[in-house]
Q: 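Below are the structure tokens for one structure; questions will follow.
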Amino acid sequence: MSNTNDVNISGMGRRTSRTAPDAITDVEYSFPAFSNGKVLLNKRTGRLPAMGWNSWNAFGSKNNEELTKAMADAFIELGLAELGYKYIVLDDGCYRSERVDGLLANDTVKFPSGFKALSDYIHSKGLKFGMYNDIGTNLCAGAAVGTCGYEDIDARTYIDWGVDFLKVDNCYYLWDNATFSDEKNAKYSYAPNIRSITVKGNGMNITLNAVRDGVLLGQGAIRNENDYVSNIGTFDGTHGGVSPVGELWSELQFTVKAPAAGKYAITINFASGEEVGVGRWLQLAVGSVENEKRYFDNLLPLTETTSTFIDSEEVIVDLNEGDNIIRLMNHRRQENTLNSYAALLDGLNKAKPDHDVVLSICEWGKTQPHHWGYKVGDSWRILNDITFSVGSDGDPGSCSWSSNYTNSITSQYNKAVIMDEFAGLDRGWNDPDMMVIGMNGITTTMSKTHMTMWCMMNSPLMLGLDLRRVKKGDELWQIIANKELIALNQDALGIQAKRIYCSIANDNPDTSYVTNNNRVDILAKPLANGDIALSFINLSDNRDDNEYSVDIERILSYIGHKMAYCDKFKNASGYSLRNLWTGEQTVNTTGVISVKGIEAYDNLTFRVSPI
């Protein structure tokens with residue numbers, strides 16, 4: 001039966017529009033505020049990475065009530081709940097294809113008892129219940145039940161269903177060229193091509209050319225031979241080709257020397273389009289990023305072609321006497337997405353002010369959420385899916401160790417491993433997607449290293465395999481139930497490991513984006529009791545017989561300022577090393593930790609304790 005009548009729709013939050021991007025009236029939701037470290041809407045901080053199971057990799061859209069209950073039962077039977085795994089999350093394919101009386105409703109064939117009954121069952125096991133939606137109009141599998149315009153109602157629904165975890169996707173998003181949305185929505189993501197600006201007022205009338213007089217800020221914008229600038233906007237981070245470190249946006253800046261303080265009229269000579277690199281949305285601000293005032297933030301008319309330049313209407317601004325900074329930009333790709341996720345959090349707050357719902361932002365790194373996701377979310381996906389070959393009942397699906405796109409373990413790791421400075425207890429966690437342990441194409445050795453990577457990087461540990469295939473004590477169980485690895489992920493200090501050595505990029509191993517897997521990485525992670533975790537990872541498909549060493553001085557130079565008891569560690573007479581996969585215990589008195597001989601795809605990971 002449907003449980004749509006169980007929903008109390010009083011005390012609602014706000015809704016986003018389905019006709020135009022919302023106005024950004026609160027500066028805390030704007031680009032300059034992304035770096036201020038302040039969360040919005042009383043978002044809870046201090047959470048450790050979520051641990052649980054998500055239905056997508058195992059079953060895709062074919063998950064159902066019986067399978068979900070079986071996974072909850074397996075959590076108890078396999079002892080996973082005792083290890084910290086607690087969230088059972090329904091992914092796409094669980095709702096009816098359309099709303100019922102404006103409300104979300106369960107697919108009556110797959111989930112005949114309704115979501116509240118399923119939630120009660122999962123809670124009766126001492127576990128927590130999670131669900132899925134999308135900030136667009138539809139879900140990725142097509143159901144027309146996205147939260148856009150319904151955030152307040154859906155939030156109340158989730159609270160009434162007893163939802164503890166929300167994974168919220170980004171398909172069919174109206175204000176960006178998302179996976180299944182109209183490609184012409186790129187008009188919202190990029191500024192038009194800009195040839196010049198003209199500034200008039202107080203006896204001044206000057207025209208400044210974008211190429212000769214303008215300055216490009218950030219990266220990505222292009223000076224064209226025909227005296228105009230294009231590609232003003234924010235990089236699309238969905239794929240693996242762009243480093244997550246650095247300025248991932250671009251602006252065009254002019255300096256105007258005003259003869260006197262007062263009102264001035266600015267006209268922009270532009271050519272617009274509705275394609276990647278050339279859009280219609282323009283933001284105009286006076287002042288630096290740290291001290292700006294915006295005067296225009298809207299669509300400009302569509303020109304005949306992307307090289308047909310016309311003048312905009314005048315924009316009236318206030319200028320001071322002397323030099324003034326005028327910036328043309330489009331940060332709406334990020335601001336719109338933040339606004340949509342914030343609306344859902346606002347709805348949850350209104351529905352239940354003391355709620356404990358985990359909000360998992362899943363926009364695949366498209367808008368560089370590691371810069372803004374912390375404001376409303378508990379984690380943020382960094383790339384598109386780790387696999388596109390999901391399973392179904394009886395079929396485990398498949399994944400790869402490496403690929404040229406995002407659908408592999410290492411493509412996710414290679415990006416996440418240099419994103420440690422964006423994560424933390426005061427922010428949230430980089431999410432390189434659900435785990436693919438147990439899928440076809442992933443060997444036992446790969447699975448062990450996959451588990452190591454995700455634990456060292458404080459990534460959410462969301463299992464994605466059919467747990468009916470696991471027996472307590474077998475190879476799969478020993479990997480997902482490794483207490484000492486899980487302890488790294490759930491360590492109270494809450495610090496993501498830092499890569500302190502990379503065999504093919506050793507000058508800046510912590511920030512260099514490396515996609516060539518013929519290498520060995522060394523990761524170091526500080527722990528709450530003063531220990532560190534140290535992991536040597538061979539990403540290549542060949543055994544590496546070289547010796548790799550790291551000394552205490554190098555370790556401390558990278559993570560010493562984050563350690564709980566740095567001086568004690570530094571001044572220790574020796575170090576106890578425990579191999580977290582074999583249990584072997586050794587003592588090191590030289591202060592140089594070395595390994596030699598790492599099998600293909602393998603890792604040697606130690607907990608290092610000062611003596």
Side-chain angles (χ1 to χ4, degrees), residues 19-24 31 174-177 181-218 220-234 249-258 262-287 292-319 324-333 335-336:
T19 59
D22 290 356
I24 305 296
F31 171 73
L174 291 168
W175 318 127
D176 200 353
N177 55 325
S181 68
D182 188 341
E183 291 182 2
K184 291 183 177 180
N185 286 345
K187 64 188 176 189
Y188 300 111
S189 303
Y190 297 91
N193 292 334
I194 306 296
R195 174 167 283 167
S196 64
I197 65 169
T198 299
V199 185
K200 298 179 181 179
N202 291 295
M204 181 175 70
N205 185 345
I206 61 169
T207 296
L208 300 175
N209 177 263
V211 173
R212 294 188 298 275
D213 303 311
V215 175
L216 300 185
L217 303 180
I222 300 170
R223 290 185 174 93
N224 291 274
E225 293 179 356
N226 295 324
D227 279 355
Y228 66 89
V229 170
S230 62
N231 278 74
I232 299 172
T234 301
W249 47 268
S250 55
E251 297 182 354
L252 173 60
Q253 176 179 294
F254 297 94
T255 300
V256 174
K257 191 176 187 66
K263 302 288 185 183
Y264 290 79
I266 297 179
T267 303
I268 302 103
N269 188 245
F270 73 95
S272 62
E274 296 182 336
E275 60 190 57
V276 172
V278 188
R280 291 177 53 195
W281 197 283
L282 182 70
Q283 296 173 322
L284 186 153
V286 175
E292 72 170 35
K293 181 176 180 181
R294 291 190 187 176
Y295 288 92
F296 187 83
D297 191 3
N298 214 326
L299 288 172
L300 289 175
L302 182 62
T303 56
E304 184 176 347
T305 72
T306 58
S307 58
T308 305
F309 285 84
I310 64 174
D311 284 337
S312 70
E313 295 183 358
E314 291 182 340
V315 179
I316 306 301
V317 304
D318 295 302
L319 299 182
N324 295 265
I325 294 172
I326 296 174
R327 294 166 36 241
L328 302 182
M329 57 202 178
N330 183 356
H331 293 293
R332 276 294 191 142
R333 168 169 267 167
E335 293 169 346
N336 288 338

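Just so it is clear, the values below take in all heavy atoms, side chains as well, and ignore hydrogens, waters and symmetry mates.
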Q: Within the side chain of Ser196, is there an N or O that forms a donor-acceptor pair under 3.5 Å with the backbone of Ala210?
A: no
Q: What is the minimum heavy-atom distance between Lys187 and Gly273, and which atoms define it?
A: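 Residues Lys187 and Gly273, closest heavy atoms: CB-O, 3.9 Å.
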Q: Considering only heavy atoms from C-beta outward, does the side chain of Leu216 approach that of Val229 to under 4.5 Å?
A: yes
Q: Do Leu319 and Lys263 come within less than 4.5 Å of each other through their side chains, counting heavy atoms only?
A: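 When only atoms from C-beta onward are counted, Lys263 and Leu319 do not touch, as no gap falls below 4.5 Å.
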Q: List for me each residue that meets side-chain contact (heavy atoms from CB on, under 4.5 Å) alongside Leu174, sequence neighbours excluded, and say none if there are none.
A: Arg18, Thr137, Cys148
Q: What residues, two or more places apart in sequence or in another chain, satisfy salt bridge (charged side-chain N to carboxylate O under 4.0 Å, His left out) together with Lys293?
A: Asp318
Q: Testing Val256, Leu328, Val317, Ile316 one by one against Ile266 for a side-chain contact (heavy atoms from CB on, under 4.5 Å), which residue passes?
A: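 The passing option is Val317.
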Q: Among all residues two or more places apart in sequence or in another chain, which pass the side-chain hydrogen bond (donor to acceptor under 3.5 Å, both in side chains) test with Asp182?
A: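 Asp182 satisfies side-chain hydrogen bond (donor to acceptor under 3.5 Å, both in side chains) with no residue once adjacent residues are dropped.
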Q: For Thr305, give me all partners under side-chain contact (heavy atoms from CB on, under 4.5 Å), at least two apart in sequence or on another chain.
A: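 Counting only residues at least two positions away or on another chain, Thr305 forms a side-chain contact (heavy atoms from CB on, under 4.5 Å) with Ser307, Thr308.
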Q: By side-chain hydrogen bond (donor to acceptor under 3.5 Å, both in side chains), which residues pair with Thr255, not counting sequence neighbours?
A: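 Not a single residue meets the side-chain hydrogen bond (donor to acceptor under 3.5 Å, both in side chains) criterion with Thr255.
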Q: Which pairs, with at least one residue in residues 221-232 and sequence neighbours excluded, count as a salt bridge (charged side-chain N to carboxylate O under 4.0 Å, His left out)?
A: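 Pairs touching residues 221-232 that pass the test: Arg212-Asp227.
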Q: Whether the Thr207 and Thr198 side chains hold a donor-acceptor pair (N or O, under 3.5 Å, no angle test) is what I'd like checked.
A: yes
Q: Between the main-chain N or O of Tyr188 and the side-chain N or O of Asn330, is there a donor-acceptor pair closer than 3.5 Å?
A: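 Yes.
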Q: Is a side-chain donor or acceptor of Arg327 paired with a backbone partner of Phe254 at a separation under 3.5 angstrom?
A: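 Looks like no, no N/O pair under 3.5 Å.
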Q: Once side-chain hydrogen bond (donor to acceptor under 3.5 Å, both in side chains) is applied, do any residues pair with Asn298, and if so which ones, sequence neighbours excluded?
A: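 Expected list: none.
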Q: Where is the tightest heavy-atom contact between Leu252 and Gly214, given as atom of each residue plus distance?
A: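 The answer is CD1-CA, 3.9 Å.
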Q: Which atom pair, heavy atoms only, marks the closest approach of Arg333 to Thr234?
A: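 Closest heavy-atom pair between Arg333 and Thr234: NH1-O, 2.8 Å.
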Q: By the salt bridge (charged side-chain N to carboxylate O under 4.0 Å, His left out) test, which pairs, at least two apart or in different chains, include something from residues 304-314?
A: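 Every candidate salt bridge (charged side-chain N to carboxylate O under 4.0 Å, His left out) pair involving residues 304-314 fails, so no pair, neighbours aside, qualifies.
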Q: List the residues meeting side-chain hydrogen bond (donor to acceptor under 3.5 Å, both in side chains) with Ser189, not counting sequence neighbours, and say none if there are none.
A: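 Scan of Ser189 (side-chain hydrogen bond (donor to acceptor under 3.5 Å, both in side chains), adjacent residues dropped) gives Asp176.
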Q: Work out which heavy atom in Asn177 is nearest to a heavy atom in Ala186; give both atom names and the distance.
A: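 The pair with the smallest heavy-atom distance is CB-N, 4.0 Å.
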Q: For the CZ atom of Phe296 and the CD1 atom of Ile268, what is their distance to the nearest 0.5 Å?
A: 7.0 Å
Q: What are the two closest heavy atoms between Trp175 and Ala20, and how far apart are they?
A: CH2-N, 3.1 Å
Q: Test of understanding: with ring-ring contact (aromatic ring centres under 6.0 Å, His included), list the residues that count as partners of Phe309, not counting sequence neighbours.
A: Tyr228
Q: For residues Thr267 and Ile197, determine if any side-chain heavy atom of one lies less than 4.5 Å from a side-chain heavy atom of the other.
A: no
Q: Would you list the atom pairs, donor with acceptor, under 3.5 Å between side chains in residues 274-286 and any protein atom, with sequence neighbours excluded?
A:
residue: Glu274; atom: OE2; partner: Arg280; partner atom: NH1; Å: 3.1
residue: Arg280; atom: NE; partner: Leu300; partner atom: O; Å: 2.9
residue: Arg280; atom: NH2; partner: Leu300; partner atom: O; Å: 3.2
residue: Trp281; atom: NE1; partner: Asp297; partner atom: OD1; Å: 2.7
residue: Gln283; atom: OE1; partner: His331; partner atom: N; Å: 2.8
residue: Gln283; atom: NE2; partner: Asp297; partner atom: OD1; Å: 3.2
residue: Gln283; atom: NE2; partner: Glu335; partner atom: OE1; Å: 2.9

Q: Sequence neighbours excluded, which residues qualify as side-chain contact (heavy atoms from CB on, under 4.5 Å) partners of Ile222?
A: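 Expected list: Asn224, Ser230, Asn231.
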Q: Working to the nearest 0.5 angstrom, can you tell me the gap between Arg332 CZ and Phe31 CZ?
A: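 Nearest 0.5 Å value for the CZ-CZ distance: 14.5 Å.
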Q: Is it the case that the side chain of Thr306 and the backbone of Ser272 share a donor-acceptor pair, with hydrogens and angles ignored and the cut-off at 3.5 Å?
A: no
